[in-house]
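Only one structure is covered here, and it is reproduced in the block below.
All ligand and atom numbering here is 1-based and tracks the order in the structure. Remember, it's a predicted structure, so these values are computed and weren't measured experimentally.
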Amino acid sequence: MAMMRRKLVAGNWKMNGLQKDRQFLSDLATLHSETPNADVLLCPPATLLTSMAATRPGWLMLGGQDCAMTQSGAHTGDISAEMLADLGCSHVIVGHSERRADHGETDAVVRAKAQAAIQAGLIPIICVGETLEQRESGLAEAVVVSQLSAGVPECEAGQVVIAYEPVWAIGTGRTASPEDAQAMHAALRAAWSGADSAALRILYGGSMNPGNADALLSQSDVDGGLIGGASLKPDQFASIIRTLR
Ligand code: 13P
């Protein structure tokens, strides 16, 4: 059933990127003529979204890295899903392990943020993933499946994207093996509560780079990648996208 799902490559710039880095978009300008079969999304810091929204090529989608769980009001420093949609964003990352760790975000918070995103017409990319300790204790699948059931609001498969990002693989240069990634993605799909699990897009994230992307992205349940470090370098990001030609 993988035929139904277009691959999605998403770049997460995290807290990186200044005005001068808008140049990145020109570096990627001609890429899509080579890879018309993949969707490409960039999630720069919120400070770059306005200018990138004005200059992005039409095929490059933009997303936020987080959104508030409420729609508007007295929440200094927060950015609502509606504000992101208003800028032209199509997606927003929620529940990244860095936000879970740095800001104490629980599955309930992640679920409320995903719900707010859907309400604003955005597709939340809901991140799940186990720590090294949990993997070594044989708990990886249980942890990740529980994050899925507690963190995803009631919705159709096409309204969300799931990102499996093992915490021990993020920024470490270590990736899940293609077989382990495939097994976890299949477990997540099997745990999806709706009958439409074949339409659910599940991305892999964690030290994906031009050298390992092909092996990971060719797994039948790996529907794309959520790329951190390698998405900051246009040649590396492009090279990952080109594996989907
Ligand atoms: P790295 O690709 O830098 O490991 O980051 C992955 C990630 O956290 C993407 O959201």
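Looking at ligand 1, you won't find any N or O of Gly206 less than 3.5 Å from one of its N or O atoms. Taking only nitrogen or oxygen atoms, main chain and side chain alike, Thr172 does not reach within less than 3.5 Å of ligand 1. For ligand 1, the polar-atom distance check against Glu165 finds a nitrogen or oxygen pair separated by under 3.5 Å.
Atom 5 (O) of ligand 1 has its closest protein heavy atom at Lys14 NZ, 3.2 Å. The shortest contact between atom 2 (O) of ligand 1 and any protein heavy atom is with Gly228 N, 2.9 Å.
Using 4.0 Å as the threshold, Ser207 has a heavy atom nearer than that to some atom of ligand 1. Heavy atoms of Ala169 approach ligand 1 to within less than 4.0 angstrom.
Of all atoms in ligand 1, numbered sequentially from 1 with element shown, those under 4.0 Å from a heavy atom of Leu226 are 9 (C), 10 (O). Less than 4.0 angstrom separates some heavy atom of Gly229 from each of these atoms of ligand 1: 1 (P), 2 (O), 3 (O). Ligand-side atoms of ligand 1 in range of Asn12: 9 (C), 10 (O), range being under 4.0 angstrom from any heavy atom. Near His96, with a cut-off below 4.0 Å to any heavy atom, the atoms of ligand 1 are 7 (C), 8 (O), 9 (C), 10 (O).
The existence of a salt bridge linking Arg135 and Glu130 is confirmed by a sub-4.0 Å separation between a basic side-chain nitrogen and an acidic carboxylate oxygen. By the 4.0 Å N-to-carboxylate-O rule, Lys113 lies too far from Asp78 to be salt-bridged with it. Ion pairing of Lys7 with Asp39 is absent here, as no side-chain N (NZ or NE/NH1/NH2) approaches a carboxylate O to less than 4.0 Å. A salt bridge links Arg189 with Asp223: the distance from a Lys NZ or Arg NE/NH1/NH2 to an Asp or Glu carboxylate oxygen falls below 4.0 Å.
The number of heavy atoms from other shown groups lying within 6.0 Å of CD (Glu156) does not exceed 12.
For Phe24 and Trp13, the distance between ring centers is under 6.0 angstrom.
Alongside Ile170, the hydrophobic cluster contains no other residue (criterion: ILVMFWY side chains under 4.5 Å).
Between the side chain of Arg201 and the main chain of Arg6, a donor-acceptor pair closer than 3.5 Å is present.
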